[in-house]
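Structure record follows, encoded as structure tokens.
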Amino acid sequence: MKTGLLLVDIQNDYFKPGKFELCGMEEAAHNAQRLLTAFRRAGLPLIHIQHQSLRQGAPFFVPGTNGVEIHPSVQPLPGEIVQVKHVPNSFKETEVADLLREKGVETLIICGAMSHMCIDATTRAAFDFGFQCIVAEDACTTCQLEFKGKIIEADLVHSAFMAALAHIYADVISTDECLDRFGLPEV
């Protein structure tokens, strides 16, 4: 079974001093970088996903700004696929499913941001498209949320969404476990 990597929205606005800094983004990006490096060394398929907001007055990921650019830690190399999306689901109105199938990918490792939004939507869609999904949970992150006047801390938001995905949609494991499971050596 050929394995592919999807790096979702690891963009400057999610890092300090971006417009929407996430909790633990540096650590998540470091783990995503480890996966990216291993995939490059193994010559395995990978796709960078870049969110560009088309909403009037969008607070972040505005086209033409530095914040929308993919973060230097996972900067695409020439020839690597960068798929632009405009909604949380990386498969909606994009060529992601076709690109993965053309490369023979059946198993997909997903990482990036945000756990409760684009990672959740993308993983569920990938599952619906028939891919065996793995979420590298420590290569994903999110932010705190508020609901009915209560603050839900980022680590609880992340844990809740990882638990929900692990129920049916994906194997939710660490970066180390991903590298071990697929025999991907680190540098």
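Computed from heavy atoms alone, side chains included, the values below leave out hydrogens, waters and symmetry copies. Remember, it's a predicted structure, so these values are computed and weren't measured experimentally.
Counting non-hydrogen atoms of other residues, nucleotides and ligands closer than 6.0 Å to CD of E146 gives a total above 12. Atom CD of E27 has 12 or fewer neighbouring heavy atoms from other residues, nucleotides or ligands inside a 6.0 Å radius. Other residues, nucleotides and ligands contribute more than 12 heavy atoms inside 6.0 Å of the CD atom of E21.
The distance from the CE atom of M25 to the OG1 atom of T142 is 10.5 Å, given to the nearest 0.5 Å. Atoms CG and NE2, from L54 and H86 in turn, are 4.5 Å apart once rounded to the nearest 0.5 Å. The distance from the CZ atom of R34 to the CG atom of L179 is 5.5 Å, given to the nearest 0.5 Å. How far CD1 of I109 is from OG1 of T175: 9.0 Å, rounded to the nearest 0.5 Å. The line from CD1 of I110 to CG of L35 is 12.0 Å long, rounded to the nearest 0.5 Å.
The main-chain N or O of K19 is found under 3.5 Å from a side-chain atom of D13 such that the two form a donor-acceptor pair. A donor-acceptor distance shorter than 3.5 angstrom exists from the side chain of Q50 to the backbone of V68, with no hydrogens or angles considered. The closest donor-acceptor contact from the side chain of K85 to the backbone of T94 lies at 3.5 Å or more, if one exists at all.
Ring geometry for F127 against Y169 counts as perpendicular: the plane angle is over 60°, on a 0 to 90° scale with 30° as the lower cut. Ring planes of F129 and F91: parallel class, angle under 30° (limits at 30 and 60°).
Counting heavy atoms from C-beta outward, L44 and K103 have side chains that stay 4.5 Å or more apart. No side-chain heavy atom of H30 sits under 4.5 Å from any side-chain heavy atom of E26. A 4.5 Å side-chain heavy-atom check between Q11 and H51 finds at least one atom pair inside the cut-off. Looking only at side-chain heavy atoms (C-beta outward), D9 and I49 come within less than 4.5 Å of each other. Residues Q132 and E106 form no side-chain contact, since every pair of their non-hydrogen atoms from C-beta on lies 4.5 Å or further apart.
Results of the side chain to side chain contact (heavy atoms under 4.5 Å, CB included) test with T122 over S90, C133, P88 single out S90 as the only residue that passes.
Under the 4.5 Å side-chain contact rule for hydrophobic residues, I81 and L100 share a cluster. Hydrophobic clustering places I173 together with F39 (ILVMFWY residues linked when any side-chain heavy atoms are closer than 4.5 Å, directly or through intermediates). At a threshold of 4.5 Å between side-chain heavy atoms, the hydrophobic network of Ile, Leu, Val, Met, Phe, Trp and Tyr places F182 and F131 in two separate groups. L108 and L46 fall into different hydrophobic clusters, defined by Ile, Leu, Val, Met, Phe, Trp and Tyr side-chain heavy atoms under 4.5 Å apart, directly or through other members. There is a path of hydrophobic side-chain contacts, each under 4.5 Å, that joins V96 to V105.
The minimum heavy-atom distance between A32 and L7, with the atom names listed, is O-CD2, 4.0 Å. Pairing each heavy atom of A136 with each of C178, the nearest pair is CB-SG, 4.0 Å. What you find for F60 and F20 is that their closest heavy atoms are CE2-CD1, 3.6 Å. The two residues R41 and P185 have their closest heavy-atom pair at CD-O, 4.5 Å. Counting all heavy atoms, side chain and backbone alike, P59 lies closest to R55 at CD-NH2, 3.4 Å. What you find for G112 and I10 is that their closest heavy atoms are CA-CG1, 3.8 Å.
Comment: R124 engages D120 in a salt bridge, judged by a side-chain N to carboxylate O separation of less than 4.0 angstrom. Taking 4.0 Å as the cut-off between side-chain N and carboxylate O, E80 and R40 count as a salt-bridged pair.
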Next item on the list: Might you work through the side chain to side chain contact (heavy atoms under 4.5 Å, CB included) test for T141 and Y14, ending with a clear yes or no?
Entry: CA-CA 10 Å; T141 195; Y14 282 156; over 6 Å; no

Note to self: Pair E177, D171 - check side chain to side chain contact (heavy atoms under 4.5 Å, CB included), show working.
What the structure shows: CA-CA 11 Å; E177 290 171 303; D171 286 342; over 6 Å; no

Next item on the list: I would like to know whether C111 and N31 meet side chain to side chain contact (heavy atoms under 4.5 Å, CB included); could you show each step before the answer?
Entry: CA-CA 9 Å; C111 64; N31 286 323; over 6 Å; no

Next item on the list: Check the pair H48 / L36 against side chain to side chain contact (heavy atoms under 4.5 Å, CB included), numbers first and verdict last.
Entry: CA-CA 10 Å; H48 300 266; L36 176 60; 4.1 Å; yes

Validation: residues 151-168 side-chain donor-acceptor distances under 3.5 Å, sequence neighbours left out:
from : atom 1 : to   : atom 2 : distance (Å)
H158 : ND1    : S115 : OG     : 2.7
H158 : NE2    : E137 : O      : 3.1
S159 : OG     : D155 : O      : 2.9

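The closest side-chain donor-acceptor pair between D138 and S174, if any, does not fall under 3.5 angstrom.
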